[in-house]
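A short worksheet on the structure shown next.
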Amino acid sequence: MHRTSGLVTFATALCVLAAGAGCAGGGATGASAEPAVCDSFAAAQNTVTHIKQANVSENGLTALRPYVSELIQQLTQLAVDAKAQFSQQADQLRAAVDVLSASVDTARDNPDLANLGAVRQAVDGVRDTARALADSLKNTC
């Protein structure tokens with residue numbers, strides 16, 4: 001039972017990432033003249049929307065797994081795309097995503113309270129660094 005509540009908390013924290021970083025919500029609909037960072041940010045937000053809509057009660061935690069993996073990849077791409085204009089924030093996001101990825105792997109292998117707590121802390125780190133990058137993107141996207 002702790003396993004389910006920990007992963008649901010993880011999914012909830014990812015949703016907070018989208019809500020807290022919501023600067024570029026309409027940015028991806030514009031012309032292709034926008035930097036790639038705008039598209040990668042919009043893709044990550046879209047995946048978080050899918051995570052919010054996943055029916056964990058009906059489909060179990062397996063409903064979240066593909067989205068979480070996709071989000072980690074998208075956040076990595078976001079960090080790469082942001083590197084040119086926002087190198088400090090991009091480096092911080094990349095480091096936070098690396099910590100999140102490692103903590104998710106550890107919790108998947110051994111879903112005890114300590115490991116699930118580490119995932120929650122890693123999600124907080126990604127959320128905070130994504131929010132800092134989103135604040136920087138406000139004038140770009």
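Since this is a predicted model, take the numbers as computed values, not measurements.
- Under the 3.5 Å distance criterion, the side-chain polar atoms of Ser69 are left unmatched by any main-chain donor or acceptor of Pro66.
- Arg94 and Asp98 are joined by a salt bridge, as a carboxylate oxygen and a charged side-chain nitrogen come within less than 4.0 angstrom of each other.
- We find the CZ-CG distance between Arg120 and Asn115 to be 10.5 Å, quoted to the nearest 0.5 Å.
- If you take CG on Leu133 and CG on Asp128, they are separated by 13.0 Å, rounding to the nearest 0.5 Å.
- Both Val126 and Ile72 are part of a single hydrophobic cluster, where members link through side-chain heavy atoms under 4.5 Å apart.
- Side-chain contact, Ser40 with Asp81: a donor N or O sits under 3.5 Å from an acceptor N or O.
- Put simply, the side chain of Val80 reaches to within 4.5 Å of the side chain of Gln77, judged on heavy atoms.
- Checking Thr47 against Gln74 by side-chain atom types alone, a donor-acceptor pair falls below 3.5 Å.
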Verify side-chain contact (heavy atoms from CB on, under 4.5 Å) between Thr140 and Phe86, making sure each step is shown before the conclusion.
-> CA-CA 11 Å; Thr140 301; Phe86 310 100; 3.5 Å; yes

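- Heavy-atom minimum distance, Leu71 versus Ala44: CD1-O, 3.6 Å.
- Within the 3.5 Å criterion, the main-chain N or O of Val99 finds a donor-acceptor partner in the side chain of Ser103.
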In sequence, state the C-alpha distance, the side-chain angles, and the governing distance for Asp124 and Arg127, and then conclude on side-chain contact (heavy atoms from CB on, under 4.5 Å).
-> CA-CA 5 Å; Asp124 288 345; Arg127 183 196 61 226; 3.0 Å; yes

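- Expressed to the nearest 0.5 Å, how far CD of Gln88 lies from OG1 of Thr129 amounts to 11.5 Å.
- For the atom pair CG of Asp135 and CD of Gln89, the computed distance is 9.0 Å after rounding to the nearest 0.5 Å.
- Rounded to the nearest 0.5 Å, atoms CG (Leu75) and OG (Ser101) are 10.5 Å apart.
- Atoms CD and CZ, from Glu34 and Phe41 in turn, are 12.0 Å apart once rounded to the nearest 0.5 Å.
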